Amino acid sequence: MSELNAKRAIGVFDSGLGGISVVRAIIDLLPHEHLIYFGDTARVPYGSKSNETVIRFAHQISSFLIEKQVKMIVVACNTASAVALQSLQQSFNIPIVGVIEPGSEAAVKSSRHRRIGVIGTASTIRSGAYRAAIRALDSDIEVTDQACPLLVPLVEEDWPLDGVVRQVLESYLATFKTHEPDSLILGCTHYPYLKSIIQEVMGPSVHLVDSGEETATRVQKVLAEMGMLNHGNGDPGRHNFYVSDFPQKFEETASRFLGRPLDKLFKVELEVLESYK
Ligand code: DGL
């Protein structure tokens with residue numbers, strides 16, 4: 001691969017702003033890489049939409065990123081990874097990495113008693129993608145999963161980690177009281193923001209797997225294998241953010257997710273996005 005390719009940005013997309021947790025993990029691990037993030041804030045949530053719709057949106061965003069000349073695409077959204085990854089990989093000619101496989105691999109490695117739990121949006125859980133990825137690695141592992149649809153709005157609202165969140169979590173995570181996993185996959189971009197309270201409810205012996213962090217490691221591996229890592233002569237990477245809408249409290253939520261203000265932010269009109277196939 002040429003030097004030019006290594007200097008191109010990594011494209012990352014999500015249904016909204018939650019995928020900034022994955023951007024954060026990539027920046028921590030690969031500070032010299034340039035990133036182009038796309039958050040589909042006009043059409044979030046994906047977790048309750050049909051597979052056909054999520055696949056169509058994922059294709060439009062990937063075409064947009066490819067037009068921006070990215071060297072690879074990271075599907076940060078668990079829902080889009082679960083239902084659209086295969087179709088994207090078949091349609092586009094650059095490496096496309098999702099979050100399901102890296103998260104599953106990490107969970108299988110860390111599970112001592114071969115009992116893994118998965119939480120995610122309704123679509124992610126319904127797709128069975130985590131279950132299939134884990135079973136492909138070890139068919140004897142017991143997998144228990146639970147959809148947690150109320151968690152995304154609580155994080156988006158910046159709801160304090162108080163009794164309300166605890167009560168919602170206790171209700172969802174009760175599934176795991178009977179099956180007791182030793183590793184729990186946080187199978188949604190928003191869940192890392194609830195990590196401390198999920199750990200409290202699950203108890204200290206359960207290992208929490210952040211699919212975003214694992215994906216950053218996978219991105220590093222894929223780029224290294226292809227000779228496309230950007231060492232940047234010591235310069236930090238540039239990070240451009242694109243969204244399809246500026247929702248209320250946008251700046252606040254986005255910079256909270258990133259841990260600092262966003263450098264460059266652009267809005268893409270939905271008609272422009274919808275013109276892509
Ligand atoms: N980004 C989505 C995911 O990781 C969560 C939000 C949504 O439902 O769109 O599954």
Side-chain angles (χ1 to χ4, degrees), residues 11-26 37-62 65 73-85 88 96-104 106-107 117-131 133 145-159 168-169 172 184-195 198 208-216 218 241-245 247 249-250 253-254 256-258 270 273:
V12 183
F13 80 85
D14 181 43
S15 54
L17 294 180
I20 292 181
S21 61
V22 181
V23 167
R24 225 173 138 157
I26 298 175
Y37 180 82
F38 187 93
D40 200 358
T41 41
R43 304 187 294 192
V44 69
Y46 284 8
S48 51
K49 293 195 167 63
S50 69
N51 291 0
E52 295 70 34
T53 298
V54 173
I55 291 170
R56 182 160 52 83
F57 292 172
H59 275 255
Q60 290 170 349
I61 298 167
S62 299
L65 290 171
I73 291 177
V74 179
V75 185
C77 178
N78 286 257
T79 307
S81 291
V83 306
L85 185 67
L88 295 175
I96 303 188
V97 171
V99 289
I100 308 274
E101 254 190 40
S104 302
V118 185
I119 52 176
T121 64
S123 290
T124 299
I125 298 305
R126 198 181 49 236
S127 75
Y130 271 109
R131 191 176 277 274
D145 50 21
Q146 174 66 48
C148 305
L150 285 178
L151 298 185
V152 167
L154 284 171
V155 173
E156 294 270 340
E157 269 300 313
D158 198 12
W159 199 271
V168 171
L169 278 171
Y172 284 138
L184 179 72
I185 299 179
L186 307 179
C188 173
T189 47
H190 289 62
Y191 301 173
Y193 303 106
L194 301 173
K195 203 168 178 177
I198 293 175
L208 301 186
V209 177
D210 178 342
S211 289
E213 278 174 12
E214 303 305 331
T215 302
R218 172 69 66 94
F241 293 83
Y242 291 82
V243 287
S244 47
D245 189 25
K249 297 205 292 182
F250 176 83
T253 318
R256 175 166 53 88
F257 282 7
L258 190 64
L270 256 190
L273 201 58

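The structure displayed is predicted, hence computed values, not measured ones. Both counts, for ligands and for their atoms, begin at 1 and track the order of listing. Along the sequence shown, residues are numbered consecutively beginning with 1. Just so you know, these numbers use all the heavy atoms, side chains as well, and skip hydrogens, waters and symmetry mates.
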For atom 1 (N) of ligand 1, the protein heavy atom that lies nearest, with its residue and separation: D14 OD1, 2.7 Å
N/O to N/O below 3.5 Å, does that happen between N78 and ligand 1? yes
Indicate whether any N or O donor in one side chain lies under 3.5 Å from an N or O acceptor in the other, for Y191 and D210. no
Counting from 1 in the order shown, the ligand 1 atoms closer than 4.0 Å to a non-hydrogen atom of G47 are 7 (C), 8 (O), 9 (O)
Look at the side chain of D14 and the backbone N and O of G19, then say whether any donor-acceptor pair between them is shorter than 3.5 Å. yes
Suppose we measure from atom 5 (C) of ligand 1 to each protein heavy atom; which comes out shortest, and what is that distance? C188 SG, 3.5 Å
Do we see a donor-acceptor contact under 3.5 Å between the side chains of S211 and Y130? yes
Give me the nearest non-hydrogen protein atom to atom 10 (O) of ligand 1 as residue plus atom name, then the distance to 0.1 Å. T79 OG1, 2.6 Å
Are the aromatic rings of F57 and Y46 close, with centres under 6.0 Å apart? yes
Counting each atom of ligand 1 from 1 as listed, which ones have a heavy atom of V44 under 4.0 Å away? 9 (O)
Check for a donor-acceptor pair, side chain of T189 on one end and backbone N or O of C77 on the other, with a separation under 3.5 Å. no
Against heavy atoms of T121, which atoms of ligand 1 measure under 4.0 Å? 5 (C), 8 (O), 10 (O)
State, without any angle test, whether T121 and T124 hold a side-chain donor-acceptor pair at a distance under 3.5 Å. yes
Is the ring pair H190/F257 parallel, tilted or perpendicular, if the boundaries are 30 and 60 degrees? perpendicular
Any idea which atoms of ligand 1 are less than 4.0 Å away from a heavy-atom of S15? 1 (N), 2 (C), 6 (C), 7 (C), 9 (O)
Any atom of ligand 1 sitting under 4.0 Å from a heavy atom of G16? no
